[in-house]
Asks: 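So that we are looking at the same thing, I have put the structure below in structure tokens.
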Amino acid sequence: MMQFSSPASHPPLLRVRDLRVGFRKHGQVLEAVRGIDLDIARGEVLGIVGESGSGKSIGMLAALGLAPPNAVVSGSVQYLGEELLTKPRREMRRIRGAKIAMIFQDPLSSLNPTMRVGDQIIEALRLHQPQMNARQATQRALELLELVSIPQPDRRLRQFPHEFSGGMRQRVMIAMAVANGPDLLIADEPTTALDVTVQSQIMRMLRELQAKLGLGLVLITHDLGVLAGHANRVAVVYSGQVVEQADVFDLFQNPRHPYTRGLIASIPKLTESGGRLYSIAGSPPALGRFPPGCAFHPRCERAGDICQQLAPPKTTIGGSGHVSACHFANALPEWDSAEARVKE
Amino acid sequence: MSHYIFRRLVAMPFLVLGIVTMAFFLTTVTKGDPLTALVSEQQLNNPEVVAAARQRWGLDKSLPERYVTYVSNLLHGDMGTSFVTKRPVLTDIAARLPATLELVIAAMLVGTTSGIVLGLLAAYYRDSAVDQIARVFALLGSSLPVFWIGLALLFLLSVHFQILPGPGRIDPRMTPPPPITGLMTVDTLLAGDIDGFRSAVSHLVLPSLVLGWAVAGTISRLVRANMLDVMAKEFILTARAKGAGELRVVFRHAFRNILVPVLTLISYSFAYLITGAVLTEAVFTWPGMGSYAVQAARSLDFPAIIGVTIVGGMMFLVTNLLTDIAYVIANPRVRLT
């Protein structure tokens, strides 16, 4: 599990600094993403975990210029040193789908129902490789369907999305995403809408392709359990901010934020029968209603007076890029990773 | 699909028979007596003249007899003789149908294209000035009566500013081209008469604008609503994430997906256009089916009324079939069996 690379040895593929996304509503701007810093290296799998509405998806969409028109985006997003947020729309289109590809949560609705599956893949190819003729593009589409293990690809190419199952559609989405040999793939809840058995197939396929093609992979999910097996590094997002970021091993061994601890404790364990599953008390704050100080304090067992007044600083833990935004990052009791709870 | 079309074509004659029957018996419900059209007012009190007229036009026969005679004549291509023009109804209709078709087709083109373009713009630039203007345009189009807009525009553009010609199909000083298709614009072109063509087109502008406006209004609203809906779908995000440009996103991905409701409305608008044509033709003294129908209805000219109804009904049957076929092309999930 030591395949992750430190930022020093490779320049980051994507470097996100102080990314903020707000939405204009009734004359005021409600922030959904409140200053996110992330680095993704080539060949690395970064997991971003958070509850729905935490801003994890919208942040990545905004980074690619895909935020809705009423969104206000600021900060910096650099792809191989090139700033993306200020890039003209035309140039962004050349990067999207070619260098940075994206797949979405619901494969049922993310393919165009009126276009043949083959045509949708071919469209992705020819948008970025206009010199390709129809025959070459079809041939390549066929290879791509084979790459994602879709049986009878020549027949499947001529079919429409409604003739595919959910898992098969997600494979098509993956085929389309890797069509132009991107460096970075952003997968937004890629398995959430799928059956459990299909989920693991899709995850395995994503990981295989990631390793084979040397992709940087951003896995956005609400399920920390998925990341345990697949991510190199994990960023935990709460209320539009990264509250803890660490190598996946460190994160599960030694979580240094009460929210992360809550998430880990909420993962169902096969070894335990009966008893109630742990859940974090309260619910995440609504957009624009973030509490002052540490946004997590109303739900936090450890919260003190300082948490209500002061936003927590980023505390570095150890030497492997483990950062926690908690006033008590170093003062939290020791963690029993085997039991997934605080040592008593 | 060819199976389906075949079945629909087989059903067609029965539907036509239904229309004929309905049209025939509906005329008998009216209280008026067609004799007023056939016999001059002074002679109406003369029983001999009235009886002779009744016999001559077959009005002395019983209703079922008249029906059977009518249907068997129809099978031989005879729609009877108009009480008013005293010419075969089929000849009258053949002379007037192309004028109406030309008007309706032009109005359809004006209405659908401007409706679609406005709807797309209104949806894409939601809540902007374009959206507001499109909204007012649609509201005016569907709320102002055709005869009012017709007269107002005729006065404004033809009489006052003299940008466009007045009523009629072609400049009255010109010799109309020999009728080949009956469509003035086509016939002038076939005759190589460029000035005539220009005149025919400019005469067509106002009536088709007036008639097409309401259609443009309803279509633009429908396109806007459906586009807003479809543009929020995830596959639009997929298309953008692929690097597709906005034009491609709007037309290839979004618009393609709203074709079914749009086609439905277009085919419904066809019904509106046929009825609207009656009033528009009256305002623009357009020698088409509409003015013929009005004339026939006023004078209880039964053969003409039934004839117009049958032809109108058949036009609906054909459009409905074409619409259903277009559905399949527009949406692969529609399967006609």
Side-chain angles (χ1 to χ4, degrees), chain A residues 57 60-61 64-70 89-117 119-129 158-163 169 172-173 176-177 179-180 182 185-189 193, chain B residues 1 116 120-131 223-224 226-264 323-337:
Chain A
S57 299
M60 290 318 288
L61 283 177
L64 293 186
L66 290 173
N70 65 332
R89 292 199 333 190
R90 253 186 115 73
E91 284 177 44
M92 270 313 287
R93 287 215 296 273
R94 269 188 225 128
I95 291 178
R96 279 201 299 265
K99 303 290 178 197
I100 306 175
M102 207 162 171
I103 61 176
F104 302 102
Q105 174 172 347
D106 188 2
L108 300 178
S109 56
S110 47
L111 287 167
N112 186 339
T114 56
M115 266 171 98
R116 286 174 205 282
V117 162
D119 290 340
Q120 301 194 45
I121 300 174
I122 289 169
E123 180 185 39
L125 287 166
R126 292 180 80 173
L127 274 168
H128 299 287
Q129 301 175 58
R158 290 190 302 274
Q159 290 184 332
F160 287 95
H162 68 271
E163 297 169 86
R169 284 187 228 191
V172 171
M173 281 299 289
M176 216 153 75
N180 294 299
L185 178 60
I186 298 169
D188 187 0
E189 304 263 8
Chain B
M1 168 121 142
I116 288 170
L120 289 176
L121 287 173
Y124 197 82
Y125 300 105
R126 183 187 191 171
D127 296 332
S128 69
V130 186
D131 190 14
V223 167
R224 179 186 184 272
N226 278 282
M227 280 298 281
L228 286 179
D229 201 40
V230 85
M231 287 295 279
K233 292 265 162 69
E234 204 153 74
F235 65 82
I236 295 297
L237 199 56
T238 306
R240 286 189 172 132
K242 273 189 205 175
E246 288 302 284
L247 277 179
R248 179 181 280 269
V249 168
V250 167
F251 285 98
R252 231 183 131 178
H253 291 279
F255 186 62
R256 188 71 222 271
N257 275 280
I258 68 162
L259 273 182
V260 168
V262 171
L263 283 171
T264 310
T323 314
D324 285 349
I325 294 170
Y327 279 164
V328 183
I329 300 166
N331 188 342
R333 282 170 301 185
V334 177
R335 285 278 173 275
L336 299 181
T337 47

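Numbered from 1 within each chain, the chains take letters A, B, ... in sequence-line order.
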Asks: Quick one: what part of A:L61 sits under 4.5 Å from any heavy atom of chain B, side chain, backbone, both or neither?
Replies: side chain

Asks: Across chain A and chain B, going purely by atom type as modelled, what donor-acceptor pairs are there at a distance under 3.5 Å?
Replies:
from   : atom 1 : to     : atom 2 : distance (Å)
B:E234 : OE1    : A:D106 : N      : 3.2
B:F235 : N      : A:S109 : O      : 3.0
B:T238 : OG1    : A:S110 : O      : 2.7
B:R240 : O      : A:R96  : NE     : 2.9
B:A241 : O      : A:G97  : N      : 3.0
B:K242 : O      : A:H128 : NE2    : 2.6
B:K242 : NZ     : A:Q120 : O      : 2.9
B:K242 : NZ     : A:E123 : OE1    : 2.7
B:R248 : NH1    : A:E123 : OE2    : 2.8
B:H253 : ND1    : A:N112 : ND2    : 3.0
B:H253 : NE2    : A:E123 : OE1    : 2.9
B:H253 : NE2    : A:E123 : OE2    : 2.9
B:N257 : ND2    : A:N112 : OD1    : 2.8
B:N257 : ND2    : A:T114 : OG1    : 3.3

Asks: Side chain, backbone, both or neither: which part of A:M176 has a non-hydrogen atom closer than 4.5 Å to chain B?
Replies: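 Contact with chain B: side chain only.
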
Asks: Suppose we screen for side-chain contact (heavy atoms from CB on, under 4.5 Å). Which residues come up paired with B:A241, at least two apart in sequence or across chains?
Replies: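 B:A241 satisfies side-chain contact (heavy atoms from CB on, under 4.5 Å) with A:L66, A:M102, A:F104 once adjacent residues are dropped.
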
Asks: Please identify, among A:A124, A:G97, A:P113, the residue contributing the most non-hydrogen atom pairs under 4.5 Å to chain B.
Replies: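 Most heavy-atom pairs within the cutoff with chain B belong to A:P113.
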
Asks: Could you work out, with side-chain contact (heavy atoms from CB on, under 4.5 Å) as the rule, every residue matching A:A101, not counting sequence neighbours?
Replies: A:A177, A:P182, A:L185

